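Below is one structure, written out as structure tokens, with a few remarks after it.
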Amino acid sequence: MIWNEAKECMSRDEILNMQGVRLKKTVKRVYHNVEFYRKKMQQMGLEPGDIRGIEDLNKLPFTTKEDLRENYPFGLFAVPQSEVVRVHASSGTTGKATVVGYTRKDIDIWQECVTRVLAMSGIGANDKIQVAYGYGLFTGGLGLHYGAENLGATVIPMSVGNTKRLITMMEDFEATAIACTPSYLLHIAETLEEMGKVDKIKLKAAICGAEPWTENMRREIEAKLNLKAYDIYGLSEILGPGVAADCDAHNGLHVYEDHFVPEVINPDTLETCKEGEVGELVFTTITKEALPLFRYRTKDLTSISYDPCECGRTIARISRFKGRSDDMLIIRGVNVFPSQVEAALLEMGETSPHYILIVDRVNNLDILEIQVEVAEHFFSDEIRKLEGLTKKISHVLQTALGLAVKVTLVEPKTIARSEGKAKRVIDKRKLL
Amino acid sequence: MIQQLSIFVQNEVGSVAKVTAILKSNNINLRAIASFDTPEFAILRIVVDQPERAKAVLTEGGFAVTVSEAIAVELEDKPGVLHDLLQVIADAGFGVNYIYSIVIRSGKVPLIILNTDNLEGSKSVLKEKGYSVAEQEDVVL
């Protein structure tokens, strides 16, 4: 169902007008309250009054993750600390963590957005949802939690770390929905198969996000668990989960444009891309109080469409992600995204979807090795068939990537399953 | 026909020992074993007294396992007998995929295990020529 028809089905003119009004207000507030943006705007000779509507958005400066790190922890907050009711922080894999804050109103908007996502996935007050994202500083757990409560659903706050217990409760409580990463859901599906319990569960919908995944992975999850899987997108800097999500049409993710204005830019020239052209996704928040951001560069690669969707929503849609501009591997001059490997393997359908890319440099030549687990139902008694399979995988990947690939078959369950973001790449070159 | 288990193992230190450890802890008795290697991985083929149970515990232990059929033929212990047997199969126009070890059975003649591209046909021609082809229960006892 459409939770907030007034906001999700506006005409394009109504959307642009609303965005213009909200942007002007945000720019004024930020200019007066955030030294970082005031200085940037002064350097550019830009005054709040220069932003007269949404068409002036591209006059504003960009913001990057580095800007957040340099102003660690609260330097970009636009409200006094007394108005901040919660903080979250992203995992600091490189350097300091990125800290984000929320006012009471920010939290309300966040849960409204997540509620819209859940309603779009067919979830309602009669559903019992297991939230199996991490609870804590990560936005996934609490973000889904409050959105589901706001919807009136029964929340089972599982967090992560104990798959057997999750399955016991899934069965005993007759959970009808689950929210977790797609790779973790595949792990749950495998465990259910091992326990012979797939028929015992009542799940009808899964809300998956926090890592890139493919249409093929969606189909595999849906077939294994007999449910509908939806894609939810978000990033803590902008909100957390609930910035965008897909509907039954699975034809792009709807962006809640009454709160976040999306743009797609060419990451090299920083020029705005045309509708449909792939580039880096950029967001400007227009209702956030604690941490409003101008033109935040997500590094996620996508394209945008303003055509109304068959579901009735008129808000902009971003296409399924083509990868991130920063997890892109360059191997012998060829751009490689782990998602391409996954798509090719699943398309081929003769291996398990568990793989890892190992990039190494031998004699100044980059070597790409892909380890793939042998799935029991594809394991042949004959060595020549296994060698044939290895050759076929190499060929399929070589075609998909435009790069010679060394394929190694490995034993089942030897590639680490992750309960958070799946680790798909070991780049040994960085260690040199 | 007898049942054999084929197990995918990576070519690394201790990989076969991982398999035998599982068999030992489940008290499964090995009757024959052979490994066929390639640079990256190996297929370990085994004949055991409880094939279904062995498959279950090995799968649980994280191995890819298939159960397939193979021919087990009784052979006298004297020169030339294996050649005579292979000639029968060759004359019938069947190809041998692999042959492996001998099942030890107390007080009985040894068995040779082979896989061909036509198992039923090979079994028939061997029987016609008077060979004794063993069944699973002959291996277990």
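Source: prediction; values computed, not measured. Below, chain A is the first sequence line, B the second, and so on; all start at residue 1.
One finds the CZ atom of Phe41(B) at 10.0 Å from the OG1 atom of Thr408(A) (value rounded to the nearest 0.5 Å). Taken to the nearest 0.5 Å, the CD atom of Glu373(A) stands 10.0 Å off from the CZ atom of Phe8(B). Here the straight-line distance linking atom CD1 of Ile43(B) with atom NZ of Lys385(A) works out to 10.5 Å at 0.5 Å rounding.
Within 6.0 Å of NZ on Lys129(B) lie no more than 12 heavy atoms contributed by other residues, nucleotides or ligands. Counting non-hydrogen atoms of other residues, nucleotides and ligands closer than 6.0 Å to CD of Glu60(B) gives a total of 12 or fewer. More than 12 non-hydrogen atoms from other residues, nucleotides or ligands lie less than 6.0 angstrom from CG of Asp91(B). Residue Asp77(B) places its CG atom among 12 or fewer non-hydrogen atoms of other residues, nucleotides or ligands, all under 6.0 Å distant. Within a 6.0 Å sphere centred on CG of Asn118(B), other residues, nucleotides and ligands contribute more than 12 heavy atoms.
Ranking Leu5(B), Ile7(B), Asn11(B) against chain A, the residue ahead of the rest is Ile7(B), based on heavy-atom pairs under 4.5 Å. Ranked by heavy-atom pairs shorter than 4.5 Å toward chain A, the options Ser15(B), Ala42(B), Ser6(B), Ser68(B) are led by Ser6(B).
Using a 4.5 Å cut-off between heavy atoms, Glu12(B) makes no contact with chain A at all. For a residue to count as touching a neighbouring chain, one of its non-hydrogen atoms must lie under 4.5 Å from one of that chain's; by this rule Phe63(B) touches chain A with backbone and side chain alike.
Scanning both residues, Arg384(A) and Asn97(B), for their nearest heavy atoms gives NH2-OD1, 3.1 Å.
Counting only residues at least two apart or on different chains, the salt bridge (Lys or Arg N to Asp or Glu O under 4.0 Å) pairs with a member in residues 393-414 of chain A are Glu194(A)-Lys413(A), Lys406(A)-Glu40(B), Glu411(A)-Lys18(B).
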